[in-house]
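Encoded as structure tokens, the structure appears first; notes follow it.
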Amino acid sequence: MASYIIEGGRRLEGEVTVSGSKNASLPIIAATILNPNITKLYNIPNIHDTQITLEILKYLGCKLKKNHGRIEVNSKNIDKREIPEHLMNQMRSTVVLAGAILGRFKEARFSYPGGCDIGARPIDLHLRAFKKLGINIIEDSGFITCKCDRIIGANIDLDFPSVGATENIILAAIYAEGITQITNAAMEPEIVDLAKCLNKMGAKIEGAGTNIITITGVEKLKSISYTVMEDRIEAGTLLCAGAITGGDITLKYKTPEHITPIIHKLEEAGCQIQIEKGKVHLKANRKLKAVDIKTLPYPGFPTDMQSVFASTLTTAKGTSMIIENIFENRYRYVAELKKMGAKIAIEGKTAVIKGVRRLSGAKVKSTDLRGGACLVLAGLAARGTTTVTNIEYILRGYENLDEKLRNLGAEILLDKEE
């Protein structure tokens, strides 16, 4: 099992480039299944989740060529309709592959997805949407079989603006007969990126980035090249790393409008942030100020940044309050932060953080992807040595995190065998 070993107390300084987006790459890779031609994708991060998704494409019968962040997918000769259970279980995002397989072949078989244990993330919304599109669904012994003769456009009103359900409906409806309208759709930038990519292929999607998305079915798609957006959660994580260490860092990052709530909260905490063309510069005081946060669907404060920001507030002056409105198990990291001297009390979906003078290095364990990242940030600020174990979670979603932090002056090593 791999771990990070961190010698804390180093102030981060310098410039760092933000990688391609994990949360945009996965549905866009899935979209290549719909296109029975060649799709060239650029800026794909080399992380565990993209590797698993590409493995599934290979299993289905796609031909792949990879060169650093560039991936070429030829999905002409796909000959399978089933997502392997052992790959499906490794991450939740694999469920969007079902929509793409269904959209092209009118049938798909898959098991319930895995991923981080951060709370109930049922795929009921996905399955109800599929039924509305005329797809028959059979659930048996943990497997789901979806099949139909025709996919017919429908009006789908989501109970919650789920990102995954919105993506799955879009993918399933590309070749549908007629028009599909999603009401209460997720508005995340990753949805916009998926729609841009599909529209370049020849799809007809309108309204992405708003709460009403309309998909007009088409008969064919074409070969394209597409560059995936940057990772807004990585950008926020790196800014918080600068903040917790009293640092002075610059991100090469072109879309700061995607992280407006994060920037505002960092400024409220006392950081100075300047935005120039293609860059975000943060200068932090040695002591941050306490702030309150409430997670909400985009454009609100992202749930994926909740644990990272909580870590940043552990040494802030005063008492901070966080309300988690998306996932009920997002606070599993708190027990680990307490080992480092953090003072955090949890009651229901609320966390109360009383800032301490300094954290102390300890051996801690990643509980999920973002919870793992929050422990790395705590280690950067702590006195002494911190060992973060179970970092396979972190490697799922951050590309070369240790290398990027080292380039900013952190003392962090990746130990591949504990």
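We number each residue from 1, following the sequence as shown.
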Distance from I174 atom CD1 to T180 atom OG1, nearest 0.5 Å?
9.0 Å

Taking side chain as C-beta onward, heavy atoms only, is I123 less than 4.5 Å from F110?
yes

Less than 4.5 Å apart, any side-chain heavy atom of F301 and any of K265?
yes

Side-chain donor-acceptor contact under 3.5 Å, S19 with K404
yes

So how far is it from D292 CG to S320 OG, rounded to the nearest 0.5 Å?
6.5 Å

To the nearest 0.5 Å, what is the distance between CD1 on I275 and CD on E257?
8.5 Å

Looking at K289 and E268, is there a salt bridge between them, counting it only when a charged N and a carboxylate O are closer than 4.0 Å?
no

Please check if the side chain of N184 supplies one atom and the backbone of D157 the other of a donor-acceptor pair under 3.5 Å.
no

Less than 4.5 Å apart, any side-chain heavy atom of M201 and any of Y226?
no

Ignoring hydrogens, what is the shortest heavy-atom contact between A30 and V96? Give both atom names and the distance.
CB-CG2, 3.9 Å

For the atom pair OG1 (T50) and CD1 (I71), what is the distance rounded to the nearest 0.5 Å?
6.0 Å

Without swapping roles, check the side chain of N325 against the backbone of L296 for a donor-acceptor pair under 3.5 Å.
no

What one should report as the nearest heavy-atom pair of S311 and I244 is O-CD1, 3.3 Å

Take K66 and L54 through the test side chain to side chain contact (heavy atoms under 4.5 Å, CB included) and record every step on the way to the result.
CA-CA 10 Å; K66 292 191 284 183; L54 291 170; 3.8 Å; yes

Measure across A351 and I344 and return the closest heavy-atom pair with its distance rounded to 0.1 Å.
CB-CG2, 4.3 Å

Check the side chains of N46 and H68 for a donor-acceptor pair under 3.5 angstrom, ignoring hydrogens and angles.
no

Going by distance alone, is a donor N or O of one side chain under 3.5 Å from an acceptor N or O of the other, for R10 and T245?
no

For the pair T255 (side chain) and H258 (backbone), establish whether a donor and an acceptor sit closer than 3.5 Å, ignoring hydrogens and angles.
no

Counting distance only, does the side-chain N/O of R70 pair as donor-acceptor with the main-chain N or O of N43 below 3.5 Å?
no

For T214 and I179, what are the C-alpha separation, side-chain angles and deciding distance, and is it a side chain to side chain contact (heavy atoms under 4.5 Å, CB included)?
CA-CA 7 Å; T214 304; I179 295 171; 3.4 Å; yes

Go through the steps to decide whether R232 and E190 satisfy the test salt bridge (Lys or Arg N to Asp or Glu O under 4.0 Å), and finish with yes or no.
CA-CA 10 Å; R232 63 192 174 102; E190 294 81 7; 2.7 Å; yes

Sidechain-backbone polar pair: D415 side chain, Y4 backbone, donor-acceptor under 3.5 Å
no

Determine, for E72 against K63, whether the closest basic-nitrogen to carboxylate-oxygen distance falls under 4.0 angstrom.
no

Assess whether salt bridge (Lys or Arg N to Asp or Glu O under 4.0 Å) is satisfied between D159 and R128, documenting all intermediate values.
CA-CA 11 Å; D159 294 342; R128 283 205 298 271; 2.8 Å; yes

Heavy-atom count around K339 NZ within 6.0 Å, excluding the residue itself: above 12?
yes

I would like to know whether T389 and V364 meet side chain to side chain contact (heavy atoms under 4.5 Å, CB included); could you show each step before the answer?
CA-CA 6 Å; T389 65; V364 289; over 6 Å; no

Would you indicate whether K200, at its atom NZ, is surrounded by more than 12 heavy atoms from other residues, nucleotides or ligands within a distance under 6.0 Å?
yes

So, R383 side chain and S360 main chain: donor-acceptor pair closer than 3.5 Å or not?
no

Applying side-chain contact (heavy atoms from CB on, under 4.5 Å) between K22 and each of E234, H48, R396, report the one that passes.
R396

Please report the shortest heavy-atom distance between E167 and I191, naming the atom on each side.
CG-CD1, 3.5 Å

Working to the nearest 0.5 Å, report the span between CG of L194 and OG1 of T166.
10.0 Å

Value for CD1 (I412) from CD1 (I6), rounded to nearest 0.5 Å, stands at 4.0 Å

Applying the side-chain hydrogen bond (donor to acceptor under 3.5 Å, both in side chains) test to Y333, which of Q306, R370, K365 qualifies?
Q306

Check whether D248 reaches the backbone of E13 with its side chain - one donor and one acceptor, N or O, closer than 3.5 Å.
no

Set out, in order, the CA-CA distance, both residues' side-chain angles and the distance that settles side chain to side chain contact (heavy atoms under 4.5 Å, CB included) for T237 and L377, then state yes or no.
CA-CA 8 Å; T237 301; L377 265 63; 4.0 Å; yes

Side-chain (K338) to main-chain (A345) donor-acceptor, under 3.5 angstrom
no

Minimum heavy-atom separation for S25 to P45, with atom names?
OG-CD, 3.1 Å

Quick one: does any side-chain atom of S75 pair with a main-chain N or O of N35 as donor and acceptor, under 3.5 Å?
yes

No-hydrogen, no-angle side-chain donor-acceptor test under 3.5 Å, E7 and T385
yes

For E403, is there an ion pair with R406 - N to carboxylate O distance below 4.0 angstrom?
no

Any heavy-atom pair between the side chains of I33 and V73 that's under 4.5 Å?
no

Has N390 got a side-chain atom pairing as donor or acceptor with M1's backbone, closer than 3.5 angstrom?
no

State whether a side-chain donor-acceptor pair under 3.5 Å links D231 with Y398.
no

Mind listing the closest non-hydrogen atom pair of L359 and G341 along with its distance?
CD2-C, 4.1 Å

Charged N-O contact under 4.0 Å between E324 and K349
no

Around atom NZ of K287, are there more than 12 heavy atoms from other residues, nucleotides or ligands closer than 6.0 Å?
yes

